[in-house]
There are 2 protein chains.
Amino acid sequence: MVVKSQIKFIRSLQQKKYRNQHGMFVVEGVKVVKELLASQITVHIIYSSDVEFVAENKTSTTLVSETDLLKISSLRTPNKVVGVFQIPVPIKINPINWIVALDDVRDPGNLGTIIRLCDWFGISNLLCSPNTVDCYNPKVLQATMGSISRVNIVYADLQKYLNEAQVPVYGAFMDGEVAYKEGFPGAGILVMGNEANGISQEIEALVTKKICIPQFGAKTAESLNVSTATAILLNEIKRT
Amino acid sequence: MVVKSQIKFIRSLQQKKYRNQHGMFVVEGVKVVKELLASQITVHIIYSSDVEFVAENKTSTTLVSETDLLKISSLRTPNKVVGVFQIPVPIKINPINWIVALDDVRDPGNLGTIIRLCDWFGISNLLCSPNTVDCYNPKVLQATMGSISRVNIVYADLQKYLNEAQVPVYGAFMDGEVAYKEGFPGAGILVMGNEANGISQEIEALVTKKICIPQFGAKTAESLNVSTATAILLNEIKRT
């Protein structure tokens, strides 16, 4: 059984305010919980209605009824496993490789996809402006899957960080130079902007090289989504 | 005022069965409706609660109250404009350029993103297996924005089409050859598979060249999402 106070606590973790207050976040789903259990991230507690899962993960898991799981889940059809983990302390960024920096990316799905892309392309550090959506938002976690445990995500003042950067700063702009012509260095920073407004003026001033993905279709085509553009640009950086 | 039968009709278009029966689809939002009005797609009727929009698009638009709009909208917060358009008759594919072929892509967001990518990369033809999600599904339309009017989307038997193809057939596989090494020709077919199962065995047998996007991070990284992978591969094809 899950006591009332515990239900309230877990449900509160849907909100950033309470995640920060408790230093914890909640995830749902067998696969992602298993990946987090196998990672460096510290587990707080896991509830599961799946007898097999509980048997496999005895130390940290409590068996609960599906009714109880429904009470702590944020989903209409709960995922059999709900896990609460400690928010890891971000490590100081060591800029020996590429860093992705996000200037106010607001959509949870986009941030989730970008974290997954960092994981795929071996980008260990993701720098987010304070107004970027919280990476422990349940919708972000849904989109990242286990990648969240393999990417060091730091929320910091982008302007301050870029100002002190010792590596070239690339930014994605509609009117930048064609990315294909770039010989990308072994280390650098790739800045991606907000969904509606792109990179802000203050950050633009700190970009050393504006790049773009050329458009091959009708000039009326919708611009690429920020996560799609990040995929293409990370591929361009890594393929060189 | 919108009469009851009309409300029922428009709401029925949320379902594929009724879209096919009536040969019509419904979209919401000022931007996408404007783009469709400017396209070759034939408008059936538009309802709007926005006086300005109605003034600008007199011939096809009826002014309705917000209460009425709420009745025909599928959204909790309607978008001021709901438009009903005729499903265009797909044009026979002319394989002089690249074609993207989807083998059972099921997620509406993925299909929407892929349509938008085709538009960006100048791919005029998108071939979908019959089990691929319907491109006039409201969630697909939400993700494509106006791109739906600029890409010729054909649902057909992939196996039959690929069997008769006169151009090379590339398929995305985890164990394919690194896409960077390919000198892609001016015309070909890029096959992308289902979210969970990838490309089916029957279609795999018809692929002339298996390609992949190399992984640079931890070997445990989540595989790339199908729309993200399509973005990277279309960029690879077009950049050559």
Side-chain angles (χ1 to χ4, degrees), chain A residues 31-32 34-36 38-39 97-98 107 109-110 112-124 142-151 174 178-182 212-240, chain B residues 31-32 34-35 38-39 97-98 107 109-110 112-125 143-151 174 178-182 196 212-240:
Chain A
K31 203 179 164 203
V32 60
K34 274 191 180 172
E35 284 213 48
L36 291 181
S39 78
N97 193 325
W98 276 81
D107 180 78
N110 283 337
T113 304
I114 292 170
I115 294 169
R116 209 162 140 180
L117 282 164
C118 286
D119 187 20
W120 183 268
F121 284 108
I123 308 288
S124 343
Q142 196 81 15
T144 58
M145 305 296 295
S147 296
I148 191 94
S149 65
R150 288 180 295 268
V151 180
M174 295 295 279
V178 172
Y180 312 155
K181 292 175 189 163
E182 290 299 325
C212 81
I213 300 157
Q215 186 177 358
F216 293 85
K219 288 300 161 222
T220 46
E222 283 300 317
S223 69
L224 292 172
N225 167 290
V226 63
S227 58
T228 310
T230 306
I232 294 171
L233 291 176
L234 283 182
N235 184 62
E236 283 297 324
I237 287 167
K238 286 291 176 169
R239 81 193 297 287
T240 43
Chain B
K31 203 180 164 202
V32 60
K34 274 190 180 171
E35 284 214 49
S39 78
N97 192 326
W98 275 82
D107 180 79
N110 283 336
T113 305
I114 292 170
I115 295 168
R116 209 163 140 179
L117 282 165
C118 286
D119 187 19
W120 182 269
F121 284 109
I123 309 288
S124 344
N125 294 296
T144 58
M145 305 296 293
S147 296
I148 193 95
S149 65
R150 289 181 294 269
V151 179
M174 294 294 278
V178 172
Y180 311 156
K181 292 176 187 162
E182 290 299 324
C212 81
I213 300 157
Q215 186 176 358
F216 293 86
K219 289 300 161 225
T220 47
E222 283 299 315
S223 69
L224 292 171
N225 166 291
V226 62
S227 58
T228 310
T230 306
I232 294 171
L233 291 176
L234 284 182
N235 184 62
E236 283 297 324
I237 287 167
K238 287 290 176 170
R239 83 194 294 287
T240 44

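Throughout, protein chains are lettered first and strands after them, A, B, ... in sequence-line order, and every chain is numbered starting at 1. Since this is a predicted model, take the numbers as computed values, not measurements. Just so it is clear, the values below take in all heavy atoms, side chains as well, and ignore hydrogens, waters and symmetry mates.
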Peer 1: Based on non-hydrogen pairs under 4.5 Å, which of A:S223, A:A229, A:S124, A:G109 is most in contact with chain B?
Peer 2: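 Ranked by contacts with chain B, first place is A:S223.
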Peer 1: Between B:T113 and chain A, which part of the residue has a heavy atom less than 4.5 Å away: side chain, backbone, both or neither?
Peer 2: side chain
Peer 1: Between A:K219, A:R116, A:M145, A:E35, which has the largest tally of heavy atom pairs under 4.5 Å with chain B?
Peer 2: A:R116
Peer 1: Return the option, out of B:G146, B:P214, B:S147, with the maximum number of heavy-atom pairs under 4.5 Å with chain A.
Peer 2: B:P214
Peer 1: Considering only heavy atoms, which portion of A:K31 lies under 4.5 Å from any heavy atom of chain B: side chain, backbone, both, or neither?
Peer 2: side chain
Peer 1: Under 3.5 Å, side chain of B:W120 to main-chain N/O of A:A218, donor-acceptor pair present?
Peer 2: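 No, because the side chain of B:W120 does not come within donor-acceptor range (under 3.5 Å) of the backbone of A:A218.
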Peer 1: Does any heavy atom of chain A fall under 4.5 Å from the side chain of B:R239, the backbone, both, or neither of them?
Peer 2: both
Peer 1: Residues of residues 230-237 of chain B under 4.5 Å from chain A (heavy atom pairs)?
Peer 2: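 If one takes a 4.5 Å heavy-atom cut-off, the residues of residues 230-237 of chain B near chain A are B:A231, B:I232, B:N235, B:E236.
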Peer 1: Which residue pairs pass the ring-ring contact (aromatic ring centres under 6.0 Å, His included) test when at least one of the two sits in residues 221-240 of chain B, sequence neighbours left out?
Peer 2: none
